[in-house]
Amino acid sequence: EAACASSDIEVVPLRVKYPQGAEKQLICAISGREVPSGGLPMDVGVLVQNVRTAAAVSVAVRTGQPLIEQVVTVTGPGVAEPKNLRVRIGTPLRHLIDFCGGFDGEPGKIILGGPMMGTAQLSLEVPVTRGAGGLLIFRQQDVDPRPEGPCIRCGRCVSVCPARILPTTIVAHARHDQIETAETLGVLDCIECGCCTYICPSMIPLVQFIRQAKGAIMAQKRNA
Ligand code: SF4
Ligand code: SF4
């Protein structure tokens with residue numbers, strides 16, 4: 001804040017809540033402007049750059065070095081010595097876990113990314129990718145073993161959705177490859193925050209189906 005005193009830069013503290021860091025949520029929280037469905041921040045006169053991107057651009061311009069490293073937080077009850085590591089992009093996950101003293105207990109789930117938006121991994125040979133800021137290791141006893149059940153129409157996924165779309169309805173169509181209908185229902189506005197999956201009492205992996213539908217729509221658009 002001291003560095004901003006003599007400039008027109010302002011530091012804006014925000015309420016701690018999730019999701020808050022996604023582009024559209026940040027713009028709304030700071031400026032009150034709402035990016036329209038299917039629109040971009042520039043439609044409301046805003047450009048969003050995260051600190052890491054700005055720093056990487058600075059390094060690239062000053063030294064010519066492209067982005068080759070990623071800071072990864074290796075944590076969770078299933079790793080012996082949690083650490084923050086700066087690693088080369090492409091390093092297999094196995095090396096990170098070994099560097100952190102290995103597993104503590106029998107691993108039950110390994111998630112690359114954050115607890116809400118990360119994806120479960122089936123192999124430790126998977127490489128660290130750009131943007132993978134976390135590696136979470138859970139033991140078998142930490143993982144909820146309940147299987148997926150039917151939708152009970154409780155509406156919780158709808159109430160928590162920050163994009164104000166209908167996750168349960170979209171997924172009902174996405175499951176049957178009705179991606180045009182899913183698009184009409186606003187699936188592309190989903191920010192993949194994972195709140196719907198987290199809140200669903202029937203353990204339905206809503207965001208996973210939504211991700212697949214978004215991928216299929218984008219692939220169609222690219223090939224059109
Ligand atoms: S992940 Fe679920 S809750 Fe989050 S924006 Fe997408 S549909 Fe809404
Ligand atoms: S939270 Fe789960 S059970 Fe409830 S309406 Fe949504 S999908 Fe159905």
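All of these numbers come straight from a predicted model, not from anything done at the bench. Both counts, for ligands and for their atoms, begin at 1 and track the order of listing. One is the number of the first residue; the rest follow in order along the sequence.
By the 4.5 Å heavy-atom criterion applied to side chains, I111 and F138 are counted as neighbours. In this structure, the side chains of I110 and L136 stay at 4.5 Å or more apart for every pair of heavy atoms. Here the side chains of P77 and D104 are not in contact, with every heavy-atom distance at 4.5 Å or above.
Against a heavy-atom cut-off of under 4.0 Å, C157 is close to the following atoms of ligand 2: 1 (S), 5 (S), 6 (Fe), 7 (S). Near S202, the atoms of ligand 2 lying under 4.0 angstrom from a non-hydrogen atom of the residue are 3 (S). Of all atoms in ligand 2, numbered sequentially from 1 with element shown, those under 4.0 Å from a heavy atom of T168 are 6 (Fe), 7 (S), 8 (Fe). Close approach to I210 involves these atoms of ligand 1, each under 4.0 Å from a residue heavy atom: 7 (S). The ligand atoms of ligand 2 that sit less than 4.0 angstrom from a heavy atom of I152 are 3 (S), 8 (Fe). In the vicinity of P167, heavy-atom distances shorter than 4.0 Å reach the ligand 1 atoms 7 (S). For ligand 1, the atoms closer than 4.0 angstrom to any heavy atom of C161 are 3 (S), 5 (S), 7 (S), 8 (Fe). Less than 4.0 angstrom separates some heavy atom of C151 from each of these atoms of ligand 2: 3 (S), 5 (S), 7 (S), 8 (Fe).
Taking 4.0 Å as the cut-off between side-chain N and carboxylate O, R130 and E69 do not count as a salt-bridged pair. Between K214 and E192 there is a salt bridge, since at least one side-chain N of the basic residue sits less than 4.0 Å from a carboxylate O of the acidic one. A salt bridge does not link D189 to R164: none of the charged side-chain nitrogens sits closer than 4.0 Å to a carboxylate oxygen. A salt bridge links R175 with E148: the closest approach of a Lys/Arg side-chain nitrogen to an acidic carboxylate oxygen falls below 4.0 angstrom. Ion pairing between E106 and R139 fails under the 4.0 Å rule for side-chain N and carboxylate O.
Here the heavy atom of the protein found nearest to atom 2 (Fe) of ligand 1 is C196 SG, 2.3 Å. The protein heavy atom nearest to atom 4 (Fe) of ligand 2 is C154 SG, 2.2 Å. In this structure, atom 5 (S) of ligand 2 lies nearest to the protein heavy atom G155 N, 3.2 Å. For atom 6 (Fe) of ligand 1, the closest non-hydrogen atom on the protein side is C190 SG, 2.3 Å.
At least one N, O or S atom of C193, from either the backbone or the side chain, sits less than 2.8 Å from atom 4 (Fe) of ligand 1.
Heavy atoms of I191 found under 4.0 angstrom from ligand 1 belong to the backbone as well as the side chain. Contacts between T197 and ligand 1, counted as non-hydrogen atom pairs separated by less than 4.0 Å, are absent for every part of the residue.
At least one heavy atom of V207 sits closer than 4.0 Å to an atom of ligand 1.
In this structure a side-chain-to-backbone donor-acceptor pair under 3.5 Å is missing from E125 to R94.
Counting heavy-atom neighbours within 6.0 Å of Y198 OH, excluding the residue itself, gives a total of 12 or less.
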